[in-house]
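Data first, discussion second: the structure below is written as structure tokens.
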Amino acid sequence: MKVATYNINGINARLPVLLRWLAEESPDVVCLQELKSPQERFPLKEISDLGYHAIWHGQKSWNGVAVLSKYKIEEVTRVLPGDPEDNQSRYLEVIIQNVVICCIYLPNGNPLPGAKYEYKLNWIERLTKRSKTLLQMNAPAILIGDFNIIPEEIDTYKPEKYIDDALFTKEVKEAFSLLLKDGWQDAIRTLFPDKEVYTFWDYFRQAYGRNAGLRIDHILLSPSIQDRLTQGGIDRDVRGWEKSSDHAPTWIRLNNNTNG
DNA sequence: ATGTCTGGTCCCACCAGA
């Protein structure tokens, strides 16, 4: 089963890119972020025509998350527990082929300091709490999406530029490393221990051409699914396509559960 | 410091957010 995450940055503006990538790479499951589309403008027909089921949680102007799958999708929740006031579409938890899949669009948090950064820290706290519940259930689970966190220096082309950035503060790096300490496995870093593997290149200053990238899209595996990881990567070339998102699709492959 | 995109409002050029 090939599972991918892709911050699409406007699903309607990027639809030709999305459809081309789906047709070429044929992922089984795709978690999308930043739909930038109200619920009723989700391009369901074009996506179903390629053989995908879809569940999405849109929002006018900003945010928005979706899960596409060739297998049946069972929705668990479209709300990250812990804040009844939070009405931003940033979380979608589903079950596909007995795997819990949490599609995440973690807040960016800039500028720093301020309400947006506080919201980010609060959101991370809620995610951590939810992730602990999943670990306690011993469920095969995946936390996947745009985390807006640069975990380590190797994950940015220029660490010193990001010292005061909400993607790279001590607090958010620590929160990420605590998830790993809890037992979650950073799948892409595990597969590429010493390599620069960026998932995002800014639109500014020809960042992609200069490979001025960041690794901020992540796939975290719960202990009970880690031995199924066989392969992974970043479809870097997609970032160079016409009218592309500023992120590139990031994916892993899991073998079939043979003891189930 | 700058830079580039999208979506939304409102009239065509701006703004917020990333």
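Here is how names work: the chains are called A, B, and so on, in the same order as the sequence lines, proteins then strands, and each is numbered from 1.
Ion pairing of A/Arg239 with A/Asp246 is absent here, as no side-chain N (NZ or NE/NH1/NH2) approaches a carboxylate O to less than 4.0 Å.
The glycosidic torsion of B/dC11 lies more than 90° away from 0, which places this base in the anti conformation.
Here the nucleotide nearest the side chain of A/Lys161, chosen from B/dG7, B/dA18, B/dA1, is B/dA1. With distances taken from any side-chain atom of A/Arg205 to the nucleotides B/dA18, B/dT2, B/dG17, the minimum falls on B/dT2. For A/Arg14, counting side-chain heavy atoms from C-beta on, the closest listed nucleotide (B/dG8, B/dT6, B/dG3) is B/dT6. Set against B/dT6, B/dG17, B/dA18, the side chain of A/Ala13 has B/dT6 as its closest nucleotide. Of the candidate nucleotides B/dG7, B/dG8, B/dG3, B/dG8 has the atom lying nearest to any side-chain atom of A/Lys60. Closest to the A/Tyr105 side chain, of the nucleotides B/dA18, B/dC5, B/dG8, is B/dA18. For A/Tyr203, taking side-chain heavy atoms from C-beta onward, the closest of the listed nucleotides B/dG3, B/dG7, B/dT4 is B/dT4.
Following rounding to the nearest Å, A/Arg239 (CZ) and B/dA18 (C1') show an atom-to-atom distance of 13 Å. Regarding A/Leu35, its CG atom lies at a distance of 21 Å from the P atom of B/dC5, rounded to whole Å.
Ring orientation note: the planes of A/Phe176 and A/His218 are tilted relative to one another, at an angle of 30° to 60°.
Across the interface with DNA chain B, nearest-nucleotide mapping of A/Gln59 and A/Gln88 shows A/Gln59 to be the residue nearer the 5′ end.
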Exercise for review: Please assess A/Lys170 against A/Glu174 for the test salt bridge (charged side-chain N to carboxylate O under 4.0 Å, His left out), listing each intermediate value before the final yes or no.
Suggested key: CA-CA 6 Å; A/Lys170 195 164 171 259; A/Glu174 254 170 32; 3.6 Å; yes
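Using a 4.0 Å heavy-atom cutoff across all strands shown, A/Arg210 reaches no nucleic acid atom at all.
A cation-pi arrangement is absent between A/Arg215 and A/Tyr198, since the terminal nitrogen or guanidinium carbon is not both under 6.0 Å from the aromatic centre and inside a 45° cone about the axis.
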